[in-house]
Amino acid sequence: MKSVRTVCGKISGDSMGYTLAHEHLIVSPELSDKKYDDYRLLDINLMCMEVEKFKQKSGKTIVEMTPLNYGRDPLKYREIAIRENINIICCTGFHKEEFLPELAFKLTETDLINMLLEEINNGMDGTDICPGVIKCGTSYNNITETEVKIIKAAAKVHILTGIPVSTHCDKGTMMLEQGELLVKNGVKPENILLGHTDVQKDLNIQLEALKRGFNILTDHVGRELDNIDEDRIRKIEIMIREGFGGQLFLSGDMGKKDYVTAYGGRPGLDYILGVFKDKFVREIGREYFDKITIDNPKRFFSF
Ligand SMILES: [Zn+2]
């Protein structure tokens with residue numbers, strides 16, 4: 001029997017409801033450069049206020065994509081989930097090379113596989129909290145040797161456990177190359193969710209990924225307000241018309257103070273189920289909004 005792995009345990013896919021497929025609630029890149037200060041979201045009370053607004057818009061599930069060395073904090077995710085009564089899915093695996101911990105370079109592929117399996121089977125970071133998705137990533141227009149090693153390990157772990165794979169495509173580059181590398185190592189395209197694909201301005205690349213069976217994530221929704229979301233909706237409409245409605249996902253990837261209303265930013269975690277949903281429903285219809293934010297996540301995150 002398939003189930004979805006949240007920070008509070010297993011749930012049925014039917015309990016997921018409206019889902020944001022790539023967000024950051026408690027996050028802090030472990031690099032000293034000052035430019036990352038804006039990316040540190042460490043206040044649990046502020047984040048609970050933010051999540052509360054998401055919940056008021058009928059939001060039910062958030063996929064927390066902060067990996068090791070980027071400030072992952074499973075206990076705090078569980079605390080938010082309990083306080084706000086929502087589902088949170090968190091991740092094992094790794095970010096792109098820039099954000100990798102030392103150990104990712106040193107460990108062999110087999111060591112990495114064992115490490116990820118340990119997290120999936122027994123819990124992460126000294127807790128009993130298990131991940132519900134595996135992350136891997138690639139650099140801008142490039143896949144480094146270490147990223148290849150991690151992708152191969154992620155593929156193997158997926159084959160052994162069924163846990164789905166959700167990726168970081170830096171600024172929307174290397175989507176096809178990254179996806180094909182996972183496929184070459186035994187992962188079916190339907191179990192791969194390519195991330196940040198809306199940053200890729202060439203719609204033909206997104207369509208090609210869909211043709212090959214990959215899921216793709218429009219996850220910069222609301223990042224640049226005004227006309228940009230009209231463009232996202234127009235592209236999603238084309239992708240649906242081409243028959244790919246079952247492979248699309250939505251999120252805001254709002255892992256920065258600038259995007260979180262509780263930290264003084266915008267548009268905030270309630271944007272997609274509020275302003276964006278209204279536009280989407282007007283242009284494309286409610287049926288497809290629900291498919292993309294409820295049905296597709298339910299299928300993908302159940303294993
Ligand atoms: Zn992210």
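Numbering of ligands and ligand atoms starts at 1, following listing order.
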Going by heavy atoms in the side chains, are Met115 and Leu107 under 4.5 Å from each other?
yes

Around atom NZ of Lys277, are there more than 12 heavy atoms of other residues, nucleotides or ligands at under 6.0 Å?
yes

How about NZ on Lys55, more than 12 heavy atoms from neighbouring residues, nucleotides or ligands closer than 6.0 Å, or not?
yes

If you draw a sphere of radius 2.8 Å around the Zn ion (ligand 1), how many protein N/O/S atoms end up strictly inside it?
3

Taking the six-membered ring for Trp, are His196 and His22 ring centroids under 6.0 Å apart?
yes

Between Ser28 and Gly71, is there a donor-acceptor pair closer than 3.5 Å when you use the side chain of the first and the backbone of the second?
no

Where the side chain of Asp219 meets the backbone of Leu250, is there a donor-acceptor pair that is under 3.5 Å apart?
no

